[in-house]
Visitor: 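Sharing a structure, written as structure tokens. Questions coming.
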2 protein chains.
Amino acid sequence: MRAGASVFEVPPPRDERELLSRALALEGRTLEVIAAEVGVPAPGSGLRAKGKVGELIERALGARAGTASVPDFTHLGIELKTIPVDDAGNVQESTFVCRVSLHDADRAEWDTSAARAKLACVLWVPIVVPRDGSDRRVGRAVLWRPSAEEEAVLRSDFEEIMGTIGIGGIEGVTARAGQALQLRPKADSGRARTLAFGAEGERIATVPRGFYLRTRFTARILESTRVTSPTPIE
Amino acid sequence: MRAGASVFEVPPPRDERELLSRALALEGRTLEVIAAEVGVPAPGSGLRAKGKVGELIERALGARAGTASVPDFTHLGIELKTIPVDDAGNVQESTFVCRVSLHDADRAEWDTSAARAKLACVLWVPIVVPRDGSDRRVGRAVLWRPSAEEEAVLRSDFEEIMGTIGIGGIEGVTARAGQALQLRPKADSGRARTLAFGAEGERIATVPRGFYLRTRFTARILESTRVTSPTPIE
DNA sequence: ACGGATCCATCATTGGATCCAG
DNA sequence: CTGGATCCAATGATGGATCCGT
């Protein structure tokens with residue numbers, strides 16, 4: 001217990017096994033309980049809490065959220081993502097992946113992209129949000145690496161979207177493009193602007209964008225490892 | 001040309017081939033043109049036209065719609081269904097199959113049901129409804145008989161729904177039941193009533209119901225024979 | 001009441017906008 | 001400006017209601 005360090009601070013996990021085992025140990029605990037254990041105020045529900053949950057779980061697993069420029073478990077090559085699910089385990093939201101640089105999209109390649117690096121290995125920690133408004137709890141964590149099929153879809157989406165941006169078509173790209181990966185605004189407001197190029201090569205100012213995983217893509221990842229299978233015939 | 005008969009009257013088709021060939025020949029024609037050819041006023045678009053389109057196509061194919069108690073192509077064992085689709089060929093609506101007798105549902109069996117008979121062989125005639133409001137046209141007709149898999153789904157839905165009604169559970173059956181076949185009101189208004197039985201065997205008055213095919217089930221039937229495949233990866 | 005269907009208010013989905021801390 | 005995400009108004013899907021002619 002050194003001066004200046006919280007008595008509750010969790011050390012970084014030494015390896016993948018330790019990280020996963022810690023994450024699995026959180027299953028069933030409410031966010032309030034976990035917050036108390038790591039010594040931070042409990043994140044409020046709803047407003048004023050975006051991003052707080054992710055930071056709480058990072059801290060609980062030893063990522064020392066918000067204290068340095070080295071987030072998540074970079075030393076293990078693992079990305080942490082919390083993901084809201086309902087009582088039945090259904091994924092409720094899309095997942096932010098990374099920002100997209102619009103001004104040099106013509107040189108982007110999937111194999112060397114930030115998107116691919118972020119998605120190479122993800123520790124998914126479901127946050128169960130009960131419909132009746134009772135306390136949020138942690139669900140069963142899943143450590144995921146894309147299958148060949150999944151990566152093929154991601155690559156295809158990436159190339160389609162970046163290709164369109166690369167030829168000056170950013171203004172024609174909506175969140176409807178992409179089976180798994182989609183492009184959406186990533187800014188504090190719709191008035192934020194960043195540099196891009198138009199169809200004639202002219203400089204244009206447009207809202208910053210980021211890649212997101214569609215809800216249904218993440219849903220499949222979590223379903224494939226769920227204990228009770230809902231057997232969807234359709 | 002006999003007295004009393006329309007000069008435009010189409011004779012009944014002699015066989016399946018002739019019927020299908022006539023239906024395929026309608027592809028691309030607008031409803032207005034077909035109406036003029038068979039000598040009836042063009043069905044209005046939207047309101048005041050429910051059912052009119054089906055009767056127009058019946059007449060154009062030789063079913064003599066609305067003139068007798070023998071509709072469709074009973075002599076060939078073929079049911080005609082017009083089905084609205086958008087410009088891209090996407091099915092827009094569910095399809096009425098038949099009314100359901102609620103008071104003797106406990107004795108109903110799929111093999112001898114009106115629903116199975118109606119769906120044994122269907123000539124689907126797509127009606128293309130352009131989004132821009134331009135004239136409706138006939139699409140490419142499809143003659144369909146359920147595959148073993150399709151019939152298994154239909155049978156399962158039928159048995160589940162009729163089973164529930166049979167034990168007095170009609171008031172618990174909503175249009176959410178059934179993968180392919182669903183039960184919905186079939187009446188001129190929500191105040192119409194017919195005889196059924198409740199959970200204690202008591203007589204109850206409830207809104208008349210009918211079987212309908214879900215939009216997505218019909219969509220698959222038409223997709224499976226569509227020339228240009230949209231390649232849905234998901 | 002039956003047989004031909006479509007209409008439309010309500011619910012579910014989701015694309016685009018936004019929130020917070022460092 | 002970045003990394004952590006959720007919010008919510010507008011669009012889409014569909015369950016229940018309805019329309020017409022015989």
Side-chain angles (χ1 to χ4, degrees), chain A residues 43-59 63 65-72 79-84 90 92-99 114 118 127 129 173-177 182-192 194 207-210 212 214-216, chain B residues 43-59 63 65-72 79-84 90 92-99 114 118 127 129 173-177 182-192 194 207-210 212 214-216:
Chain A
S45 53
L47 268 165
R48 313 289 115 174
K50 298 181 185 182
K52 286 298 183 196
V53 175
E55 290 162 14
L56 169 63
I57 302 300
E58 284 182 346
R59 185 174 291 255
T67 61
S69 57
V70 181
D72 292 17
E79 175 74 14
L80 174 69
K81 291 289 180 194
T82 58
I83 178 77
N90 302 115
Q92 300 296 291
E93 279 287 354
S94 55
T95 304
F96 173 67
V97 177
C98 62
R99 287 171 191 268
K118 285 277 189 181
I127 303 297
V129 184
V173 179
T174 72
R176 287 168 185 82
Q182 60 178 174
L183 193 75
R184 303 225 305 271
K186 173 57 176 166
D188 277 5
S189 96
R191 279 89 71 194
T194 190
V207 65
R209 309 293 211 287
Y212 294 77
R214 286 186 183 279
T215 300
R216 59 182 177 240
Chain B
S45 54
L47 269 164
R48 313 289 115 172
K50 298 181 184 180
K52 287 298 183 194
V53 174
E55 290 162 14
L56 170 64
I57 302 300
E58 285 182 345
R59 188 175 289 255
T67 62
S69 57
V70 181
D72 291 17
E79 175 75 13
L80 173 69
K81 291 290 180 193
T82 58
I83 179 75
N90 302 116
Q92 301 297 290
E93 279 288 354
S94 56
T95 304
F96 172 66
V97 177
C98 61
R99 286 169 190 269
K118 285 278 189 181
I127 304 297
V129 184
V173 180
T174 73
R176 288 169 184 81
Q182 61 178 174
L183 194 74
R184 303 224 306 272
K186 174 56 176 167
D188 278 5
S189 97
R191 280 89 71 196
T194 191
V207 65
R209 310 294 211 287
Y212 294 77
R214 286 187 184 279
T215 300
R216 59 183 177 237

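Side-chain atoms are counted along with the backbone in the values below, which use heavy atoms only and exclude waters and symmetry mates. Convention: sequence-line order gives letters A, B, ...; per-chain numbering from 1.
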Visitor: Just to confirm, is there a sub-4.0 Å distance from OP1 or OP2 of dA17(D) to any side-chain nitrogen or oxygen of Arg191(B)?
Guide: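 The answer is no; no side-chain N or O of Arg191(B) sits under 4.0 Å from OP1 or OP2.
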Visitor: Considering every strand and a 4.0 Å limit on heavy-atom distances, what is the contact class for Lys186(A): base, sugar-phosphate, or nothing?
Guide: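 The answer is base, as Lys186(A) lies within the cut-off (heavy atoms under 4.0 Å) of a base atom.
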Visitor: Distance check, rounded to the nearest 0.5 Å: Lys186(B) atom NZ versus Tyr212(B) atom OH?
Guide: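 With rounding to 0.5 Å, NZ (Lys186(B)) is 5.0 Å from OH (Tyr212(B)).
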Visitor: Can a side chain N or O of Lys118(B) be found less than 4.0 Å away from OP1 or OP2 on dG4(C)?
Guide: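 Checking dG4(C) against Lys118(B), a side-chain N or O does come within under 4.0 Å of OP1 or OP2.
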Visitor: What's the CD-C1' distance between Glu58(B) and dC2(C), to the nearest Å?
Guide: 13 Å
Visitor: Holding to side chain to side chain contact (heavy atoms under 4.5 Å, CB included), I want the full list of residues that pass it with Pro185(A), two or more places apart in sequence or in another chain.
Guide: Val207(A)
Visitor: In this structure, how many angstroms lie between the C1' atom of dC2(C) and the CZ atom of Phe96(B), rounded?
Guide: 8 Å
Visitor: Classify the nucleic acid contact of Pro208(B) as base, sugar-phosphate or nothing, counting any heavy atom under 4.0 Å across all strands shown.
Guide: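 The answer is nothing, as Pro208(B) stays clear of every strand by at least 4.0 Å.
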Visitor: With sequence neighbours left out, write down each residue that passes side-chain hydrogen bond (donor to acceptor under 3.5 Å, both in side chains) with Arg184(B), or none if nothing qualifies.
Guide: Ser94(B), Gln182(B)
Visitor: Distance check needed: dT6(D) P versus Glu55(A) CD, whole Å only.
Guide: 11 Å
Visitor: For Arg176(A) and Arg214(A), work out which heavy atoms get closest and say how close.
Guide: O-NH2, 3.1 Å
Visitor: Taking only side-chain nitrogens and oxygens of Lys52(B), does any of them come within less than 4.0 Å of OP1 or OP2 of dT22(D)?
Guide: no
Visitor: Show the nearest heavy-atom pair for residues Glu58(A) and Leu80(A), with the distance to one decimal.
Guide: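 That closest heavy-atom pairing would be CG-CD2, 3.4 Å.
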Visitor: Whole-Å distance between dA21(C) P and Arg59(A) CZ?
Guide: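 In whole Å, dA21(C) P lies 13 Å from Arg59(A) CZ.
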Visitor: 5'-most contact on DNA chain D: Cys98(A) or Ile83(A), nearest heavy atom basis?
Guide: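 In this pair, the answer is Cys98(A).
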Visitor: Grab the CZ-P distance between Arg99(B) and dA17(D) for me, whole Å please.
Guide: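 Taking atom P of dA17(D) as the reference, CZ of Arg99(B) is at 15 Å.
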Visitor: Would you kindly give the CG-to-C1' distance between Asp188(B) and dC7(C), to the nearest whole Å?
Guide: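 After rounding, the reported distance stands at 14 Å.
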Visitor: Atom CG of Leu80(A) and atom P of dG4(D): how far apart are they, to the nearest Å?
Guide: 9 Å
Visitor: Does Ala114(A) have any side chain to side chain contact (heavy atoms under 4.5 Å, CB included) partners at least two apart in sequence or in another chain, and if so, which?
Guide: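 Side chain to side chain contact (heavy atoms under 4.5 Å, CB included) check on Ala114(A) returns Cys98(A).
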Visitor: Respond yes when some side-chain nitrogen or oxygen of Thr82(B) is under 4.0 Å from OP1 or OP2 of dA5(C), and no when none is.
Guide: yes
Visitor: Output one letter per nucleotide in nucleotides 9-15 of chain D: B when a protein non-hydrogen atom lies under 4.0 Å from the base, S when only the sugar-phosphate is that close, - when neither is.
Guide: -----SS
Visitor: Mind checking Ala192(A) for me? I need base, sugar-phosphate or nothing, with any heavy atom below 4.0 Å counting as a touch.
Guide: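 Contact class for Ala192(A): none.
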Visitor: Please state how far atom CZ in Arg209(A) lies from atom C1' in dG15(C), giving the value in whole angstrom units.
Guide: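 Rounded to whole Å, this separation is 12 Å.
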Visitor: Applying salt bridge (charged side-chain N to carboxylate O under 4.0 Å, His left out), name anything that partners Lys81(A), two or more places apart in sequence or on another chain.
Guide: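 Lys81(A): salt bridge (charged side-chain N to carboxylate O under 4.0 Å, His left out) contacts with Glu79(A).
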